[in-house]
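Everything below concerns the one structure shown next.
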Amino acid sequence: MGNWAWMGAGWAWGWLFLLLLLVGLALLIVLVVRLAGGGAGRGGPGGPDPEEGRRRARAILDERYARGEIDSAEYDERLRRIQER
């Protein structure tokens, strides 16, 4: 019976190793998918175009000015900030 008493501890380490292996594989898959995606959404290749963002911001600003939501001074200030970016 003496030798069989240690069998349970060996299995515990095996399950822990298996769990760590699966977590590592999952992280590796996530990393590969993110790298293959080209970093989309973070300004990398395939990400948002900064110039398109400025055009959209200018269009929204123009609409708000046309509806009378903002006055000329606020329009000019916000337009200046958009062009600085």
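Atoms considered below: every heavy atom in the structure, side chains included; atoms not considered: hydrogens, waters and symmetry mates.
Considering CD1 of I29 and CG of L25, their distance stands at 6.0 Å, rounded to 0.5 Å. Atom CG in L31 sits 9.0 Å away from atom CZ in R34 (nearest 0.5 Å).
Partners of L18 according to the side chain to side chain contact (heavy atoms under 4.5 Å, CB included) rule, which considers only residues two or more places apart in sequence or in another chain, are W15, L22. Residues forming a side chain to side chain donor-acceptor pair (under 3.5 Å) with R80 (at least two apart in sequence, or on another chain): E77, E84. Applying the side chain to side chain donor-acceptor pair (under 3.5 Å) rule to E52 yields the partners R55; only residues at least two apart in sequence or on another chain are considered. Listed by chain and number, the residues in a side chain to side chain contact (heavy atoms under 4.5 Å, CB included) with I70 are L61, R64, Y65, E74, Y75 (sequence neighbours excluded). Residues passing the salt bridge (charged side-chain N to carboxylate O under 4.0 Å, His left out) test with R56: none are found, sequence neighbours excluded. Here D76 pairs with nothing under the side chain to side chain donor-acceptor pair (under 3.5 Å) rule; sequence neighbours left out.
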Side chain to side chain contact (heavy atoms under 4.5 Å, CB included) for Q83 and R58? Distances and angles first, verdict last. CA-CA 9 Å; Q83 292 171 344; R58 173 72 187 266; 4.1 Å; yes
